[in-house]
Novice: 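Sharing a structure here in structure tokens format.
Keep in mind the model is a prediction, meaning the values are calculated, not measured. Residue numbers start from 1 in every chain, and the chains themselves are labelled A, B, ... in the order their sequence lines are given, proteins ahead of strands.
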Protein chains: 2
Amino acid sequence: MFENLDPDKKERILNAALAEFAHKEYADASTNNIVTTAQISKGILFRYFGNKKNLYLYLYKYVRNVIDNEIYSQVDTDKGDLIFILKELGIRKLEVYKRHPDVAGFIAQTKREKSSEVYEDLMSIERERSSQLRENYLFNNLDMTLFKPEFRNENTIKLIRWTLDGCTKELQENYKGQDIQDPAIDELLKDYDLYIDIIRQAFYCR
Amino acid sequence: MFENLDPDKKERILNAALAEFAHKEYADASTNNIVTTAQISKGILFRYFGNKKNLYLYLYKYVRNVIDNEIYSQVDTDKGDLIFILKELGIRKLEVYKRHPDVAGFIAQTKREKSSEVYEDLMSIERERSSQLRENYLFNNLDMTLFKPEFRNENTIKLIRWTLDGCTKELQENYKGQDIQDPAIDELLKDYDLYIDIIRQAFYCR
DNA sequence: AATATATTGACCACGCTGGTCACTGATGAT
DNA sequence: ATCATCAGTGACCAGCGTGGTCAATATATT
């Protein structure tokens with residue numbers, strides 16, 4: 001049904017729903033807003049998903065899949081190189097955010113969600129999600145000898161992760177809204193490399 | 001009227017309103033929710049503030065004042081020591097968030113606000129706010145000789161700011177919700193110092 | 001006791017909600 | 001040309017939560 005829809009339309013619906021659920025809790029999000037921004041009729045949305053709850057949960061599973069398949073499982077952890085891993089992660093994230101700008105906001109919102117209507121289901125989807133292991137595994141087999149001796153500790157790792165999160169977030173803000181020309185994104189990735197190099201200089205052996 | 005209220009009650013109302021406006025846009029925020037969490041009657045809220053819009057704008061001015069007076073103007077910039085400045089900023093922020101946990105969320109929400117009902121007024125309050133100059137000024141007269149030679153550039157400054165923002169945010173999350181015992185906050189500030197030291201080691205001359 | 005002031009919460013008209021369904025338009029088979 | 005099938009529309013529904021009011025009550029002051 002919904003799955004084999006014209007891809008343009010499909011993406012319009014997904015993104016409209018993501019935008020609505022990204023900044024509002026489940027109960028406050030409006031299906032009317034979704035259909036208007038997606039430029040479809042109310043009826044067809046409910047034919048596709050049955051009801052609001054199904055749409056919401058479909059969206060959550062969809063987004064989790066995208067994140068797991070296109071971000072986490074694509075990162076090469078063999079060398080245990082923290083900065084390399086974070087760089088790869090950042091690039092993949094930027095690519096996903098380009099297609100779905102509100103993915104991060106939506107996930108953040110689901111973490112705050114307490115509505116009894118969907119809370120349980122969110123939890124059980126989360127329980128079944130196997131690759132969340134990988135999300136943590138990424139940072140469990142790091143080669144600490146890459147760091148200067150004084151930085152071979154957990155706190156430094158946390159700190160570097162915050163730094164690159166901040167960087168990714170900033171870069172995402174920069175091209176949110178504007179039409180992403182491929183040259184523009186290359187520009188962004190150059191900036192990204194620049195910050196990565198500073199961190200490498202600061203914390204890695206020379 | 002509202003100003004010379006029993007301080008407990010005053011704070012209950014302010015925090016209830018902050019909590020409601022922090023995660024919902026103006027139009028979606030409910031005065032009913034505010035009065036219930038503040039444990040006051042609907043009537044008295046509207047006697048104090050007249051209407052929703054006045055409450056919202058009062059809150060914005062109040063929060064801006066708190067931020068300007070208790071955070072930005074308290075920081076000693078004389079030495080031009082970036083890391084010292086950021087550390088001071090972080091501590092002040094944590095102290096304000098202790099009294100008003102939703103200040104940061106509320107300010108973030110106002111930046112997204114597009115409701116025509118309040119947008120103009122927010123803008124004009126912002127225009128009159130003189131100390132917003134200081135907010136930037138903090139980082140305009142830095143002593144770059146404190147940094148190792150290879151880090152004397154704008155990008156490093158941005159990067160360090162992101163890092164400590166991330167750190168502050170993390171620490172705030174840690175004691176959000178839980179009752180803040182003074183020993184617990186000392187514990188937190190120790191952690192804070194720990195991260196600050198790492199950054200100093202990494203970027204400052206030895 | 002009398003007056004003034006602070007506070008309550010039931011009440012209102014109204015707008016928006018999730019969801020439905022009789023209808024339309026398009027496609028393709030005969 | 002006729003019909004059957006089915007994707008898609010949007011006016012419509014009962015119900016709920018909205019910002020705001022105000023007569024009634026509790027409290028403080030004289």
Novice: For the pair made of CZ in B/Phe49 and P in D/dG19, what is the distance, rounded to whole Å?
Specialist: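 For the pair B/Phe49 CZ and D/dG19 P, the rounded distance is 15 Å.
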Novice: Can you tell me if B/Lys24 has over 12 outside heavy atoms packed within less than 6.0 Å of its NZ?
Specialist: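 Result for NZ/B/Lys24: enclosed.
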Novice: Atom CG of B/Leu55 and atom P of D/dT18: how far apart are they, to the nearest Å?
Specialist: 15 Å
Novice: Under 4.0 Å, heavy atoms only, any strand: does A/Lys52 hit a base, just the sugar-phosphate, or nothing?
Specialist: sugar-phosphate
Novice: Using the side-chain heavy atoms of A/Lys42, tell me which of these nucleotides is nearest: D/dG8, D/dA11, D/dG20.
Specialist: D/dA11
Novice: Rounded to whole Å, how long is the line connecting atom CG of A/Asn32 with atom C1' of D/dC12?
Specialist: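 In whole Å, D/dC12 C1' lies 12 Å from A/Asn32 CG.
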Novice: Strictly below 4.0 Å, N to O, side chains only: are A/Arg200 and A/Asp197 in salt-bridge contact?
Specialist: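 So A/Arg200 pairs with A/Asp197 through a salt bridge.
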Novice: Which one of A/Tyr56, A/Tyr60, A/Phe106 satisfies the ring pair (Phe, Tyr, Trp, His ring centres under 6.0 Å) criterion with A/Tyr26?
Specialist: A/Tyr56
Novice: Could you state the CZ-C1' distance from B/Phe21 to D/dG19, rounded to the nearest angstrom?
Specialist: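 Whole-Å distance recorded here is 11 Å.
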Novice: Could you tell me whether B/Phe203 and B/Phe147 have their ring centroids closer than 6.0 angstrom?
Specialist: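 B/Phe203 vs B/Phe147: aromatic centres not under 6.0 Å.
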Novice: Whole angstroms only, please: what is the CZ-P distance between A/Phe46 and D/dA11?
Specialist: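 From A/Phe46 CZ to D/dA11 P: 16 Å.
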Novice: Is a salt bridge present between A/Arg99 and A/Glu70, judged by a nitrogen-to-oxygen distance below 4.0 Å?
Specialist: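 Between A/Glu70 and A/Arg99 there is a salt bridge, with a charged N closer than 4.0 Å to a carboxylate O.
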Novice: For A/Asp28 and B/Leu5, take the nucleotide of DNA chain C holding the closest heavy atom to each; which residue's nucleotide lies nearer the 5' end?
Specialist: B/Leu5
Novice: Taking CG from B/Asn4 and P from D/dA28, how many angstroms apart are they, rounded to a whole number?
Specialist: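 So the two atoms are 16 Å apart, to the nearest Å.
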Novice: Any side-chain heavy-atom pair from A/His23 and B/Gln109 closer than 4.5 angstrom?
Specialist: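 Counting from C-beta outward, A/His23 and B/Gln109 never come under 4.5 Å.
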Novice: Using a 4.0 Å heavy-atom cut-off, does A/Lys9 contact any base of the nucleic acid, only the sugar-phosphate backbone, or nothing at all?
Specialist: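 Sugar-phosphate: the residue A/Lys9, judged by heavy atoms under 4.0 Å, touches backbone atoms but no base.
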Novice: Can you tell me how far P of D/dC6 sits from CZ of A/Arg47, to the nearest Å?
Specialist: 10 Å
Novice: Indicate whether OP1 or OP2 belonging to D/dG17 is found under 4.0 Å from a side-chain N or O atom of B/Ser30.
Specialist: no
Novice: Would you mind classifying the nucleic acid contact of B/Tyr48 as base, sugar-phosphate or nothing, using non-hydrogen atoms under 4.0 angstrom?
Specialist: sugar-phosphate
Novice: What's A/Ala27 touching, base or sugar-phosphate or nothing? Going by heavy atoms closer than 4.0 Å.
Specialist: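 No contact.
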Novice: At under 4.0 Å between heavy atoms, what does A/Asn51 touch on the DNA or RNA strands: base, sugar-phosphate, or nothing?
Specialist: sugar-phosphate
Novice: On DNA chain C, reading 5' to 3', which nucleotide is the first and which the last to sit with an atom under 4.0 Å from a heavy atom of chain B, could you check?
Specialist: C/dT7 to C/dG9
Novice: Could you state the atom-to-atom distance from CG of A/Asn33 to P of D/dG10 in whole Å?
Specialist: 17 Å
Novice: Should we count OH of A/Tyr119 as having more than 12 external heavy atoms under 6.0 Å?
Specialist: no
